[in-house]
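Below is one structure, written out as structure tokens; comments come after it.
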Amino acid sequence: MGLCKKLLIGDGITALITLIVCLSLGLTVGRRNFKSTFFSRCEKFTEYDCQKLWDAFQQAYVNKDPCKVPVEAYDPLLAAAPFKHQCNKTMFWSQTNGVVHGLTAKRNDCFVTLEDTLLGSVLDNLTWCGKEGSNDTFTTGCPEWSKCENNPVHSFWNRSSAAFADVACGDVTAMLNGSINTPFNPTSAFASIEVPRFKASRVKKLNVVMVIQKNARSNCTDPSLKNLTQVLDRGITYSCKDVSESQIQECGAKPEIACGACW
Ligand SMILES: *[C@@H]1O[C@H](CO)[C@@H](O)[C@H](O)[C@H]1NC(C)=O
Ligand SMILES: *[C@@H]1O[C@H](CO)[C@@H](O)[C@H](O)[C@H]1NC(C)=O
Ligand SMILES: *[C@@H]1O[C@H](CO)[C@@H](O)[C@H](O)[C@H]1NC(C)=O
Ligand SMILES: *[C@@H]1O[C@H](CO)[C@@H](O)[C@H](O)[C@H]1NC(C)=O
Ligand SMILES: *[C@@H]1O[C@H](CO)[C@@H](O)[C@H](O)[C@H]1NC(C)=O
Ligand SMILES: *[C@@H]1O[C@H](CO)[C@@H](O)[C@H](O)[C@H]1NC(C)=O
Ligand SMILES: *[C@@H]1O[C@H](CO)[C@@H](O)[C@H](O)[C@H]1NC(C)=O
């Protein structure tokens, strides 16, 4: 696209033609990039048929109004690549993206987040949507969440985080952010989608790891955590520990540290 940018510094009709050519080129490249990103990320997981997953994925939003994609549209995709029970390894997070994935990238023997699973990692950071009357996948001009909640990206993350929480079992961990005022925020996916799905029949314990950075504003004594204990299914044991960011990084850097000894 760098070439297109340079060519646009022409004038008159030439610029117009160049603009049209470049726009359609950009759209095609965007679409092709999306599909090839999907496949190249998917192919890292050798146990799945990526073409089948692509078909199941596309049927959720293709040829639909991008503001009318319900969470259930992804049920066939979830059925095609179900999450495994990862007892004691399931890791949830809210507002700690960098630190939590820095850790799980190195210690997948200990912790697995949604973004480390096949579906989560394939679609991480991507934007996509369909359009009525077209079978294409678009990556630009897709509706923002503020415009409509039932958009293809939001519905996917809503459905997949619910499914990921459904299979959580044993001791589960949640990494929350001690640098913000309300670490357990009722509007977060963790609070609104995941926690309500933890059932005492499967989940024994919820261990909250409060990430403490230099600019700490809250910790395990924060009142929002009282809300967490109140909504948690009775029978699930709750614990919270303030853990410095450097200690979490240490656990990532030293594979010899036992999972249970990370904090
Ligand atoms: C999960 O961890 C608990 C506590 O350490 C242990 O008792 C249990 O056996 C573990 N379960 C599995 C499936 O590893
Ligand atoms: C916690 O939130 C603050 C403020 O948004 C952000 O600067 C910081 O990186 C977050 N901490 C972690 C561990 O992600
Ligand atoms: C998504 O973005 C984050 C932050 O920029 C990055 O660390 C992560 O590797 C990206 N994920 C994928 C699958 O590329
Ligand atoms: C979209 O795909 C369906 C099923 O493969 C096909 O019947 C339809 O003609 C296609 N529509 C367009 C606009 O290409
Ligand atoms: C997730 O989807 C459900 C079902 O459509 C909906 O009730 C809920 O508001 C959504 N949650 C979020 C955080 O978007
Ligand atoms: C936790 O935060 C409260 C309120 O900001 C503060 O008074 C207290 O000293 C903190 N506790 C620890 C152990 O850091
Ligand atoms: C606790 O939950 C109640 C009800 O949802 C809400 O009104 C209140 O603001 C929450 N408190 C904190 C500290 O998050």
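Residue numbers start at 1 and run along the sequence shown. Just follow the structure's listing: the first ligand is 1, and inside any ligand the first atom is 1. Because the structure is a prediction, the values reported are computed rather than measured.
Distances from atom 12 (C) of ligand 7 to the protein include at least one heavy-atom value under 4.0 Å. Put simply, atom 9 (O) of ligand 7 has no protein non-hydrogen atoms near it, under 4.0 Å away.
Here CG of Leu206 is found 14.5 Å from NZ of Lys204. Values are rounded to the nearest 0.5 Å. Atom OG1 of Thr37 sits about 12.5 Å away from atom NZ of Lys35, to the nearest 0.5 Å.
The protein non-hydrogen atom at the shortest distance from atom 1 (C) of ligand 7 is Asn227 ND2, 1.5 Å. Counting protein heavy atoms only, atom 4 (C) of ligand 1 is closest to Asp171 OD2, 3.6 Å. Distance from atom 14 (O) of ligand 1 to its nearest protein heavy atom, with residue and atom name: Asn88 ND2, 3.3 Å. In terms of protein heavy atoms, atom 6 (C) of ligand 3 is closest to Asn125 ND2, 4.1 Å.
By the 4.0 Å N-to-carboxylate-O rule, Arg197 lies close enough to Asp166 to be salt-bridged with it. Salt-bridge check for Glu47 with Lys84: passed, with a basic side-chain N closer than 4.0 Å to an acidic carboxylate O.
Against a heavy-atom cut-off of under 4.0 Å, Asp124 is close to the following atoms of ligand 3: 1 (C), 10 (C), 11 (N), 12 (C), 13 (C). Close contacts between ligand 1 and Cys87 involve ligand atoms 13 (C) [criterion: under 4.0 Å to a heavy atom].
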### Query
Do Trp54 and Phe38 pass the ring pair (Phe, Tyr, Trp, His ring centres under 6.0 Å) test, and can you show the C-alpha distance, the side-chain angles, and the key distance before you say yes or no?
CA-CA 8 Å; Trp54 172 252; Phe38 186 102; 5.0 Å; yes
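Looking at Ser121 next to ligand 3, no N or O pair under 3.5 Å apart turns up.
Between Lys199 and Asp233 there is a side-chain heavy-atom pair separated by less than 4.5 Å.
Within the 4.0 Å heavy-atom criterion, the part of Arg41 lying near ligand 3 is the side chain and not the backbone.
The SG atoms of Cys129 and Cys142 are placed within less than 2.5 angstrom of each other.
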